[in-house]
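The structure's right below; bear with me while I get my questions together.
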Amino acid sequence: MQQENIDLCIFDDELSPAQQRNIEQAMGVRVLDRTALILDIFAQRARTNEGKLQVELAQLQYTLPRIMGKGLALSRLGGGIGTRGPGETKLEVDRRRIRDRIAFIKECIGKVKNVRTLHRAGRAKASVPTVSLVGYTNAGKSTLLNTLTNSDIYAKDQLFATLDPTTRQLELPHKQQAILTDTVGFIQRLPHQLVAAFQSTLEEVVEADVLLHVIDVSHELYKEQSNAVYHVLNELGAKDKTIITVYNKIDKLPPDSALPERLAKEENAICISAKAGLNLDGLLELIAENLKLKAVEESFLVPYSDSAAVSRLHAAGTVLEQEYLAEGTLLKVRMEAEQVAEFEEYLKK
């Protein structure tokens, strides 16, 4: 380090506060670990208020155990029983401020989480299926969302370009509709502070009906990246979800490559290019196929003597049409397939 005149050292691993302090003292230069570097990149990418709050929470949780007094300025000067030196006091004040700020940010994120829960409840009541994009960072998730929904959300060839979940309406074949959500990109050994701070964001993944696992097939380590994503999904408790594997960026592969043909033979998998618009119709068909069991439209004829059943149908799904006939109320309802059995006696044959 002295020969090369280096003034910053980055470790591709997590360092404990004591390890970081000891290495800095031994080397005489500033030391960063993997988590600090990832948090720094996240801080540069945060654009919305929620994204900034989540990054700040992760940074404060990372910083709190690393606050140490430096030299005589913060040393314990007081002597005798029951007295305190200014060093200890300054340290305690700093720590208390950080703890107060962490509590405040958690409260703010909690409010955002409640709003998002209300939105999800509304979508569930309307029986609108939800599809969530997951994948390694820079796999092309935002570009795919823009292409499928004609949106213009920020998408760039860089790590962690998306921090906040972005939700758009997706038009599927046969006049079906779904909600498509873009989420934060994953990475190998995702720091636990980030998983905790982005809990409300990552809940979109847990609540989705179908996951689109986007893989940058042009990357030489695409298999390792794919395994890293499955590891994070396992941590979130979402590994049992219906997953469609989307091999993206096939336009970047050599023309004579047989990889797309081999990958397309996998179960519930498809090869596309989000940027070039290759095979997107096939992807939409595959999404519709995986969602077809989720929501159905049925007609029910409820006698006027059983008005409670009409209220239950309104609560169970979205009433698309309601007509009053001589023999009772005719309702056309979109609802979850498994709920239809509850109202079988009213089904219009």
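The analysis underlying the following values was restricted to heavy atoms, covering all of them including side chains, and did not include hydrogens, waters or symmetry mates. Predicted model only: the values in this text are computed from it and were never measured.
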Heavy-atom check, side chain of Leu286 versus side chain of Asn290, under 4.5 Å:
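A side-chain contact exists here, since the closest heavy-atom pair is under 4.5 Å.
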Where at least one partner belongs to residues 222-243, residue pairs that pass ring-ring contact (aromatic ring centres under 6.0 Å, His included), sequence neighbours excluded
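Sorted result for residues 222-243: His213-Tyr230.
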Counterpart residues, side-chain contact (heavy atoms from CB on, under 4.5 Å), relative to Leu236 (two or more places apart)
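Checked Leu236 against side-chain contact (heavy atoms from CB on, under 4.5 Å); matches are Phe186, Val195, Leu202, Val206, Val232.
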Under 3.5 Å, which donor-acceptor pairs do the side chains of residues 271-280 form with other protein atoms, sequence neighbours left out?
unit_1, atom_1, unit_2, atom_2, d
Ser273, OG, Asp251, OD1, 2.9
Ser273, OG, Ala276, N, 3.1
Asn279, ND2, Cys271, O, 3.0

Less than 4.5 Å apart, any side-chain heavy atom of Leu331 and any of Leu301?
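Sidechains of Leu301 and Leu331: no contact.
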Just how far is it from atom OG1 of Thr181 to atom CD of Glu207, taken to the nearest 0.5 Å?
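It comes to 11.0 Å.
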With a 4.5 Å cut-off on side-chain heavy atoms, are Leu320 and Val333 touching?
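No - every pair of side-chain heavy atoms lies 4.5 Å or more apart.
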Mind checking whether Ile270 and Leu263 have side chains closer than 4.5 Å, heavy atoms only?
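When only atoms from C-beta onward are counted, Leu263 and Ile270 do not touch, as no gap falls below 4.5 Å.
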Over all atoms of both residues, closest heavy-atom pair of Lys141 and Leu133
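Heavy-atom minimum between the residues: O-CD1, 3.5 Å.
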Derivation and outcome, side-chain hydrogen bond (donor to acceptor under 3.5 Å, both in side chains), residues Glu327 and Tyr304
CA-CA 8 Å; Glu327 56 268 40; Tyr304 290 119; over 6 Å; no
Approximate separation, where rounding is to 0.5 Å, of Glu289 CD and Ile244 CD1
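Spacing of CD (Glu289) from CD1 (Ile244) equals 8.5 Å.
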Within-4.5 Å side-chain heavy-atom neighbours: Leu32 and Asp40:
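With C-beta onward as the side chain, the pair stays apart.
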Would you tabulate the side-chain donor-acceptor contacts of residues 99-108 under 3.5 Å, counting partners in other chains and residues two or more places apart, or write 'none'?
unit_1, atom_1, unit_2, atom_2, d
Arg101, NE, Glu56, OE2, 2.7
Arg101, NH2, Glu56, OE1, 3.0
Arg101, NH2, Glu56, OE2, 3.4

Do Val93 and Arg97 have side-chain heavy atoms sitting under 4.5 Å apart?
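Yes, at least one pair of side-chain atoms sits under 4.5 Å.
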Please indicate whether Gln25 has more than 12 foreign heavy atoms, meaning atoms of other residues, nucleotides or ligands, lying under 6.0 Å from its CD.
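For Gln25, atom CD is crowded (more than 12 foreign heavy atoms under 6.0 Å).
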State which residues pass side chain to side chain donor-acceptor pair (under 3.5 Å) with Asp281; sequence neighbours excluded, sorted by chain then number.
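By the side chain to side chain donor-acceptor pair (under 3.5 Å) rule, Asp281 matches no residue at all.
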Side chain to side chain, Val217 and Asn248, heavy atoms closer than 4.5 Å
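Result no, sub-4.5 Å side-chain heavy-atom pair not found.
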Mark yes or no for whether Asp306, through its side chain, and Val302, through its backbone, hold a donor-acceptor pair below 3.5 Å.
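No, Asp306 side chain to Val302 backbone: no donor-acceptor pair under 3.5 Å.
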What's in the same ILVMFWY side-chain cluster as Leu15, cut-off under 4.5 Å, chained through other members?
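Noted: Leu15 shares its cluster with Met1, Ile6, Phe11, Ile23, Met27, Val29, Val31.
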One pair to check against side-chain contact (heavy atoms from CB on, under 4.5 Å): Ile287 and Leu283. What are the steps and the verdict?
CA-CA 6 Å; Ile287 294 170; Leu283 174 61; 4.1 Å; yes
Spatial distance of atom CG (Leu259) from atom CZ (Arg262) [nearest 0.5 Å]
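Answer for the CG-CZ pair, Leu259 versus Arg262, is 5.0 Å.
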Restricting to side-chain contact (heavy atoms from CB on, under 4.5 Å), what partner residues turn up for Ala139, sequence neighbours left out?
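So Ala139 forms a side-chain contact (heavy atoms from CB on, under 4.5 Å) with Val214, Asp216.
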Who are the side chain to side chain donor-acceptor pair (under 3.5 Å) partners of Ser16, not counting sequence neighbours?
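Ser16 satisfies side chain to side chain donor-acceptor pair (under 3.5 Å) with Gln19 only.
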For Asp13, all residues meeting side-chain contact (heavy atoms from CB on, under 4.5 Å), sequence neighbours excluded
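side-chain contact (heavy atoms from CB on, under 4.5 Å) check on Asp13 returns Arg189.
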We want to know whether Gln322 and His314 form a side-chain donor-acceptor pair, criterion being a heavy-atom distance below 3.5 angstrom.
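The criterion, which ignores hydrogens and geometry beyond distance, is satisfied for His314 and Gln322.
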Is the backbone N or O of Tyr62 less than 3.5 Å from a side-chain atom of Arg66, with the two atoms forming a donor-acceptor pair by type?
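Checking the backbone N and O of Tyr62 against the side chain of Arg66, a donor-acceptor pair under 3.5 Å is found.
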In sequence, state the C-alpha distance, the side-chain angles, and the governing distance for Lys111 and Val115, and then conclude on side-chain contact (heavy atoms from CB on, under 4.5 Å).
CA-CA 6 Å; Lys111 289 175 183 173; Val115 170; 5.9 Å; no
Whether the side chain of Lys241 engages the backbone of Ala208 through a donor-acceptor N/O pair (distance < 3.5 Å, no angle test) should be reported.
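Yes, because the side chain of Lys241 sits within donor-acceptor range (under 3.5 Å) of the backbone of Ala208.
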Test of understanding: with side-chain contact (heavy atoms from CB on, under 4.5 Å), list the residues that count as partners of Lys348, not counting sequence neighbours.
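Counting only residues at least two positions away or on another chain, Lys348 forms a side-chain contact (heavy atoms from CB on, under 4.5 Å) with Ser299, Leu330.
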Walk me through whether Leu53 and Val112 qualify under side-chain contact (heavy atoms from CB on, under 4.5 Å).
CA-CA 11 Å; Leu53 284 173; Val112 175; 5.6 Å; no
Show the nearest heavy-atom pair for residues Glu171 and Leu284, with the distance to one decimal.
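Heavy-atom minimum between the residues: O-CD2, 4.1 Å.
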How long is the straight-line distance from CZ of Arg30 back to CD of Gln20, given to the nearest 0.5 Å?
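It comes to 9.0 Å.
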Looking at residues at least two apart in the chain, or sitting in another chain, which of them share a side chain to side chain donor-acceptor pair (under 3.5 Å) with Thr149?
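In terms of side chain to side chain donor-acceptor pair (under 3.5 Å), with neighbours along the sequence ignored, Thr149 is linked to Ser151.
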Testing the basics here: between Ala178 and Val131, what is the closest heavy-atom pair and its distance to 0.1 Å?
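For Ala178 versus Val131, the nearest heavy atoms are CB-CG2, 4.4 Å.
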Looking at Asp209, is its backbone amide N or carbonyl O close enough to the side chain of Thr130 to form a donor-acceptor pair, meaning the two atoms are under 3.5 Å apart?
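Checking the backbone N and O of Asp209 against the side chain of Thr130, a donor-acceptor pair under 3.5 Å is found.
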If you count heavy atoms of other groups shown closer than 6.0 angstrom to CD of Glu261, is the number above 12?
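No, CD of Glu261 has 12 or fewer neighbouring heavy atoms, counting only those of other groups under 6.0 Å.
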Approximate separation, where rounding is to 0.5 Å, of Leu253 CG and Ser218 OG:
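If we round to the nearest 0.5 Å, Leu253:CG and Ser218:OG are 6.5 Å apart.
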CG-CG distance between Leu39 and Asp33, expressed to the nearest 0.5 angstrom:
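Going from the CG atom of Leu39 to the CG atom of Asp33 covers 8.5 Å.
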Any side-chain heavy atom of Ile215 within less than 4.5 Å of one from Thr245?
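Yes. Closest side-chain heavy atoms under 4.5 Å.
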Are Phe42 and Val205 connected into the same hydrophobic cluster when the rule is that any two of I, L, V, M, F, W, Y join if their side-chain heavy atoms are below 4.5 Å apart?
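Result: yes, single cluster for both.
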Relative to the ring of Phe343, is the ring of Phe300 parallel (under 30°), tilted (30 to 60°) or perpendicular (over 60°)?
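Correct class here is perpendicular.
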State which residues pass side chain to side chain donor-acceptor pair (under 3.5 Å) with Tyr136; sequence neighbours excluded, sorted by chain then number.
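Residues passing side chain to side chain donor-acceptor pair (under 3.5 Å) with Tyr136: none at all.
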